[in-house]
Structures are given as C-alpha cells and as structure tokens.
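Owing to the predicted nature of the structure, the values given are computational and were not obtained by experimental measurement. Computation of the quantities below employed the complete heavy-atom set of this structure, encompassing side-chain atoms and omitting hydrogens, waters and symmetry-equivalent molecules. Every chain is numbered from 1, with letters handed out A, B, ... down the list of sequences.
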Protein chains: 2
Amino acid sequence: MSRSYGQFCSIARALDRLGNRWTLLLIRELLVGPKRFKDLEAGLPGIGANLLSARLKTLESEGIIQRIVLPPPAGVPAYELTEMGQELEQVLLALARWGQRYIDTGYDGDYVRGEWAVVALKGSFRSEAALGLQAVYELRMGEESIHLDIDNGRLTAGLGPALKPDVLLTGDLNAFVASWAGDLDLVEAIADGRISIKGDSELLVRFGDLFPSRQG
Amino acid sequence: MSRSYGQFCSIARALDRLGNRWTLLLIRELLVGPKRFKDLEAGLPGIGANLLSARLKTLESEGIIQRIVLPPPAGVPAYELTEMGQELEQVLLALARWGQRYIDTGYDGDYVRGEWAVVALKGSFRSEAALGLQAVYELRMGEESIHLDIDNGRLTAGLGPALKPDVLLTGDLNAFVASWAGDLDLVEAIADGRISIKGDSELLVRFGDLFPSRQG
DNA sequence: CGGAATCCTCTTCGATACTG
DNA sequence: CAGTATCGAAGAGGATTCCG
C-alpha cells in the first residue's frame with residue numbers, strides 16, 4: 001500500500017502511516033468526532049469512494065481508527081479515532097499553526113466548512129491569554145454550530161451548540177470565513193449586521209486575543 | 001505539481017506544500033543544518049535524483065528552503081531552510097513524538113543515521129526534567145557526533161562535537177540504535193563496553209529521564 | 001442508502017542512464 | 001558533483017456497478 005521509507009526514524013515511521021494523500025485530512029475530519037462514510041466523503045471533496053475506502057481500511061488495520069456502530073437511535077455504522085489516533089491531535093495542531101499563514105491572507109473561494117474551525121481554533125488558541133478567564137463561546141455558522149469552552153487557560157472545543165453560552169455569534173459561514181481570511185474585521189462584521197452577537201459583548205473583544213491570526 | 005486539496009483550511013493548505021512524498025523527510029534533513037545535494041540523496045535513500053531535484057525546486061519557489069553557497073573555503077552550493085522552513089520544526093517534533101512508538105519496539109535493520117537523533121531527541125526532550133540542570137552531552141556514534149546543550153529546561157541540539165562536553169558517550173552507531181530500539185539498556189551497554197563514557201557519569205542517569213522512551 | 005469492487009485514464013514515483 | 005532525461009511501475013481520480 002503505502003511504500004515504506006525504510007528508515008529507522010520516528011518521523012519516517014509516522015509518515016509511513018500518515019504520509020499518503022488524504023490520510024491526515026481524514027484524521028482531521030475524525031478529530032471532531034465520529035463520522036459516517038458519506039460524511040467523510042462530504043468533508044473531503046475529490047477523494048473518490050474507492051480511495052476513501054482503502055484509507056479507512058488501512059488506518060483501521062493500523063489501529064488508528066476503528067469502525068463503530070453509533071448508539072441508538074442512530075444505530076448506523078461510523079468511524080472514529082482510537083486513542084492512538086487521538087494522539088495525532090498535536091501533529092494536526094502543529095500543521096494548522098504553520099499553515100495559518102496561507103489562510104489569513106484572503107479567501108479565494110476554496111471549499112470550506114464551519115466545523116474545521118474546531119481544529120483551527122484549537123491550534124491558534126493562546127493559553128496565556130485565557131488565564132483566569134471562564135467563558136463559553138458558541139459560533140453558529142449557517143447550519144453548523146461549534147462551541148468553545150474556556151476554563152482558566154484550558155480550551156475544550158467541539159461540534160454542536162454550547163449548553164450555556166456566554167456569547168453566541170450567529171452569521172453566515174461566509175461572514176466567518178471572511179473574518180478568518182482577514183477580509184473582514186469581526187467587530188466590523190457585527191457593526192454592519194453580517195454577524196450578530198448575543199450575550200456578554202465584552203468577551204468578543206477578548207476573542208481576537210484568545211485566537212490570534214497573523215494579522216493580529 | 002502537487003495537486004491542491006482546494007480547501008480553505010490551514011491544515012489542508014500546509015499539506016498542499018508538505019504532503020508530497022519525501023517532502024517532510026527532506027525538511028528533517030535540513031533541520032540539522034544546510035546540506036548539499038549529494039548529502040540529501042544520502043539521507044533519503046530511494047528518492048531518485050529527479051524527484052529530489054523537483055522537490056528542492058518546489059520548496060525553494062515556496063520560500064521554505066533556499067539555495068546558498070557555503071562560506072569559504074567550501075564555496076560550494078547547498079540548501080538550507082528559510083525562516084519559514086525553520087518554523088516547521090514543531091510539526092516535525094510532533095510527528096517524531098507520535099512516531100516514537102514505532103521505533104522503541106526493536107530495530108529491524110532499516111536504514112539509520114546518527115544525526116537523526118538530533119531531531120528525535122529534541123522531540124522526546126522533557127523540559128520539566130531539566131529544570132535547574134546545566135549539562136552538555138556529546139554522543140559520538142561512529143563517524144557522527146551530535147551535541148546536546150541543556151541549560152535549565154532549555155535544549156539546544158545540533159550536529160558536530162560539543163565544545164566542552166560534561167559527558168561524552170562514544171560507541172558504534174549500532175549500539176546507540178539498539179538502545180533507542182529498547183533492545184539494549186544504556187547502562188548495560190556501558191557495562192559491557194559497547195558504549196564508553198567519559199565525564200560525569202551521574203549525568204548518564206539523568207539522560208533517560210531527560211529523553212524518555214515509551215518503555216521508560 | 002451505505003459502501004465495497006471494478007475499470008480505465010492520468011499523474012507521480014523510482015531507478016538508471018546521461019550531460020554540463 | 002549537480003542535476004536532466006527517460007521510461008516502466010505504482011498510485012490517484014472519476015465513473016459506474018454491484019451487493020446488503
């Protein structure tokens with residue numbers, strides 16, 4: 001399958017498993033939670049069912065992901081990361097940090113998905129800026145919601161709405177994308193109504209500090 | 001060249017540049033210092049000159065590496081990481097940490113090189129274990145030497161001998177490999193003479209603590 | 001509907017031979 | 001020594017089909 005590099009080196013060994021096309025993006029998809037085959041296809045446009053199937057099989061045999069059956073009432077098959085797979089989070093966050101330079105310089109019409117912000121924001125989170133802060137953010141981007149729970153320097157982020165958000169930002173996905181791309185200031189977006197805010201607006205000011213982009 | 005994933009996502013954007021075969025291993029090679037074309041070929045057995053040439057060209061055009069002429073008396077062309085390329089260190093260290101599980105479970109005869117330990121040891125370094133410690137280690141593995149300067153929780157590691165090592169470990173590369181692979185205990189290796197130690201032997205005890213493997 | 005298997009075309013890789 | 005050129009082999013991508 002994946003041609004081995006044949007090197008006694010932890011990086012090469014990791015890349016023997018992860019270096020194939022789509023593999024790390026597939027992990028990114030599963031990092032926000034279990035997903036079905038069709039959801040993975042949707043998050044990885046262009047992959048092709050055969051290749052996705054092959055990648056899933058390989059990763060399962062390597063113990064990085066596992067097939068599960070979602071709890072009732074769903075009761076349908078899905079894929080999730082094993083503990084070993086979860087441990088790849090730091091690799092993806094490091095990649096996200098390095099790659100941020102290529103996204104905060106404008107949006108070019110590429111495919112985008114709100115839930116990717118879960119991983120991206122985890123990557124750009126500045127723990128130091130959150131010391132002593134207790135706050136729950138919810139971002140409602142079109143159909144998708146994500147939540148960010150900040151508790152004194154620690155961040156827990158995930159898919160879906162927050163139970164009790166201190167701040168709720170609602171808007172079109174395009175508006176959020178424009179703000180990440182540096183095309184639109186968040187405060188400006190709220191001023192002209194492209195994004196609406198509910199809750200403690202003081203916390204909005206801190207948002208840019210907690211999740212900085214290159215532009216500042 | 002590299003087919004783009006076409007996603008507005010920092011991870012996908014990073015992988016657009018780094019996801020090709022050999023690319024991240026090429027970065028690993030340059031992470032320990034500038035190298036000539038032939039040295040890169042030697043560190044990446046199997047790559048093929050055409051592919052190495054193509055990767056170098058692409059990475060240069062992306063501003064991740066740059067061509068230089070080594071200072072006199074060498075005066076020969078070489079490649080080195082740009083600042084942007086240097087910033088990939090955290091990505092490689094994260095990969096090294098995750099991949100360590102695949103190397104500390106025995107050596108299988110794969111190609112290996114002493115200088116890779118510079119990156120691997122940086123990855124496994126436990127800063128907490130080095131608080132208050134000031135020590136310079138040198139590892140002389142066959143022809144290759146690397147040095148590890150520890151200064152109160154901070155590690156600087158690089159190719160070549162140390163100026164004033166507190167501990168000098170000398171041995172065959174095979175012996176060091178065996179110890180990394182968990183096939184041979186470092187203390188045992190010294191007891192039976194496969195690795196010899198010169199200097200403060202107390203610091204040897206701390207070595208396993210500073211650079212732990214999965215086995216402990 | 002989910003997902004695995006097949007077929008075909010295209011791109012990329014890998015090894016060797018070759019050139020300034 | 002530093003790359004180019006070439007070509008067979010392997011992997012990727014897209015469409016379609018089959019099976020539960």
Atom-to-atom span, CD of A/E41 to C1' of D/dG14 - whole angstrom: 12 Å

Nearest to side-chain heavy atoms of B/Y79, which nucleotide of C/dA4, D/dG3, C/dG14: D/dG3

Could you state the atom-to-atom distance from CD1 of A/I47 to P of C/dA4 in whole Å? 12 Å

Quick check: B/W180 with B/F211 (ring centres under 6.0 Å apart)? no

In whole angstroms, how far is the C1' atom of D/dT4 from the CZ atom of B/R55? 16 Å

If the test is side chain to side chain contact (heavy atoms under 4.5 Å, CB included), which one of B/L169, B/T170, B/I195 qualifies with B/R140? B/T170

What is the separation between atom CG on B/L15 and atom P on D/dA12, rounded to the nearest whole Å? 14 Å

Apply side chain to side chain donor-acceptor pair (under 3.5 Å) to the pair B/E60 and B/Q66, showing each step before the final yes or no. CA-CA 5 Å; B/E60 189 185 1; B/Q66 58 194 356; over 6 Å; no

Looking only at C/dG2, D/dA2, C/dG14, the nucleotide nearest the B/K38 side chain is D/dA2

With a 4.5 Å cut-off on side-chain heavy atoms, are A/F8 and B/I103 touching? yes

Regarding the side chain of A/K57, the nearest nucleotide among C/dA4, D/dA10, C/dG3 is C/dA4

Winner on side-chain proximity to A/P77, out of C/dT11, C/dG3, C/dG14, is C/dG3

d(CZ, A/R67; P, C/dG2) in whole Å: 13 Å

Starting at NZ of A/K35 and ending at P of C/dG2, how long is that distance when rounded to a whole Å? 15 Å

Earlier contact from the 5' end, DNA chain D, for B/D39 and A/L51: B/D39

Which sits closer to the 5' end of DNA chain D, A/A49 or B/V76, going by the nucleotide each is nearest to? B/V76

Interatomic distance where CZ belongs to B/R36 and C1' belongs to D/dC1 [whole Å]: 6 Å

Ignoring backbone atoms, establish whether B/W22 has a side-chain N or O less than 4.0 Å from OP1 or OP2 of C/dG14. yes

Any N/O donor-acceptor pair, B/N50 side-chain to C/dG14 base, under 3.5 Å: yes

Among D/dA2, C/dA4, D/dG3, the nucleotide that comes nearest once only the side chain of B/S53 is considered: D/dG3

Which pair of heavy atoms, one from A/G114 and one from A/I146, lies closest together, and at what distance? O-CG2, 4.3 Å

Whole Å only: how far is the CZ atom of B/R3 from the P atom of C/dC13? 11 Å

